[in-house]
Amino acid sequence: MCGIVGVTCLQGKLSSPAKIIRKCLEKLEYRGYDSVGLASIFKGMIVVRKGKGKIEEVHRRMNFDGVPGNTVIGHTRWATHGAPSDNNAHPHIDCGRIVAIVHNGIIKNYMELKKKLIAKGHIFRSETDTEVVAHLIEEYLNKGFKPYEAFKKAISHVKGSYAIAAIIISEPNTIFFAKKDSPLIIGIGDGFNFIASDIPAFLEHTRRIVVVKDFEVGYITPTNVFIENLHTGKIVDLSKRLRFISWTAEMAAKAGYPHYMLKEIHEQPRALRETINGLGEEIEQAANMIINARRVFITAAGTSFHAGLVLDYYLNSIAGIATIPLIASEYSKYVRSVKHGDLLIAISQSGETIDTLMAVREFKKRGAKILAISNVIDSAIPRESDLTVYTRAGPEIGVAATKTFTTQVLVELATVLKAAELNNSLDVSEIADLRKQLEKTPKIVEKTIMKHEAFVNSIAEIVHRKNSMYYLGRGLGVPIAMEGALKLKEIAYIHAEAYPAGESKHGPIALVEKDFPVLFIVLDDENSENILGNVTEMKARNALTIGLIPEHFEEFKEVLDHSIKIPLHDHLISPMTYTPILQLLAYYSAVKRGYDPDKPRNLAKTVTVE
Ligand code: G6P
């Protein structure tokens, strides 16, 4: 959940390495922003500057750019063990100030290690799990181990998840690292090397990368990268791992938008187009896995779970395949029933969400095949899956998922259409029609955003003053409503609840009084008559009714207080065309309430703790 980064360079190769690390941290801030810190080695000493707060605030107090030295590590934190505070901010150091360390993950056995270290006389300054590693390294250094050996020895005691970078004063031009379950990437430069939690952190400086895998340890110096397996000692052949990143650092920056989220909402037509262009043979392989499965489970968290519910709708209604959708953190209920022949479809934009990863592991252990849908190549879930279909949304920095949702839906529909073709559950001509619609989707999304953004902004003027809101839909409209409500909750901090419109009469309607906002997702499908009835019921209670409706649905315009007319298309495309409107509504509501939509309180982009 935290972001780590480090650089080591030859003298003069990079001007102000500390400033570079601060900038890298800004790109990682979406991973957590409770505290931030830097450490370097300078003239045989470890220099540490760190504190509670966002990078900009702490930098103002501490002047990160003034940290001297050519070997610098940095960290941006999302608190797990120990509250956000100056002391709990990383980097952490040992008693003798000979080691500094940054860590992303959770050290499960830290209490046990801490007790032993305290018994040996170590003094702890923080409540974090991380600090034990600094003291462990010190322990082995004091026993006479060389720095890298001491580092490896320390890591061998650690249980849990980690991406760790450490500096040790006796090796001033080296950053040691280790990885299990948390992401870690090396960026290879000319006379310098980086290490970071993800690629955009250092993309401005190099596009040559090596992805570190679980149980690997090693070190970087300005001119060398060494990686080996912690247990077997097998050395990694870097020439086989080296990759070139084609997307640019600019693509990861805000490109003139006030927030990443708005930029990412607007990027959807392009992300959808690139995802269509990237569809390959794996769609047929995935479709085959689905039609040959004994049972199909679908799992994910957050927005990806809503994409999972869309997939559930598609598989049932297009391909006639029943599914079992489950929220990833609830997987344990199903574990005993899982058998060989079952399939788990795991959806995760980051590919690192721990709940989804754990579900994957448990299902796999019991013989299920795993099909992943992810946006991040070589991330943990794809690595552990039998097959991955990738979305091509590019990096998503805003904490609230936007373009990654619509691209997930796109690959789902492409896969299900293939499954329907293979199991003959849908007419060939209908499949061909839907494929054409899919091709047109990026254009429809572009038109919809352009046409309605200003109007949605004016509706946000009303919504942002409310404390509570309902999102109602039927059929495929339900997961769209759920995603809309989640967005409003996440970034505008307005209580929002999504319900199947028919079910709203069994409870939620009791709360409706004059001007209570109710937003309807109206699709061009068999539910339109019933949902019109639901709008009328809400109107009769003086609710403030807002509707996303197909543009030719005249009768709805007469009942609704505010109608947003979506261009005509098959209702199966709707999660991609309607959701951007709901994203914009949440975005403008958040901004009008004075919140930063890119960094919602208490939330993190990638949740790597259970
Ligand atoms: C966090 C993010 C959400 C995201 C969810 C699942 O809660 O804030 O935006 O939908 O994790 O993430 P994943 O990377 O697995 O799709």
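Atoms within each ligand, like the ligands themselves, are counted from 1 in listed order. Reckoned from all heavy atoms, side chains included, excluding hydrogens, waters and symmetry mates.
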Under 4.0 Å between a Lys/Arg side-chain N and an Asp/Glu carboxylate O for R361 and E384? yes

Who passes side-chain contact (heavy atoms from CB on, under 4.5 Å) against P500, sequence neighbours left out? V478, E503

Is a salt bridge present between K27 and E204, judged by a nitrogen-to-oxygen distance below 4.0 Å? yes

Do NZ/NE/NH1/NH2 and the carboxylate oxygens of E362 and R336 come within less than 4.0 Å? no

Can you pull the residues with any heavy atom under 4.0 Å from ligand 1? A301, G302, T303, S304, S348, Q349, S350, T353, V399, A401, E490, A604, K605, V607

Salt-bridge test for D34 and K52: reply yes if a basic N is under 4.0 Å from a carboxylate O, no otherwise. no

Got a salt bridge between E396 and K403, using NZ or NE/NH1/NH2 to carboxylate O under 4.0 Å? no

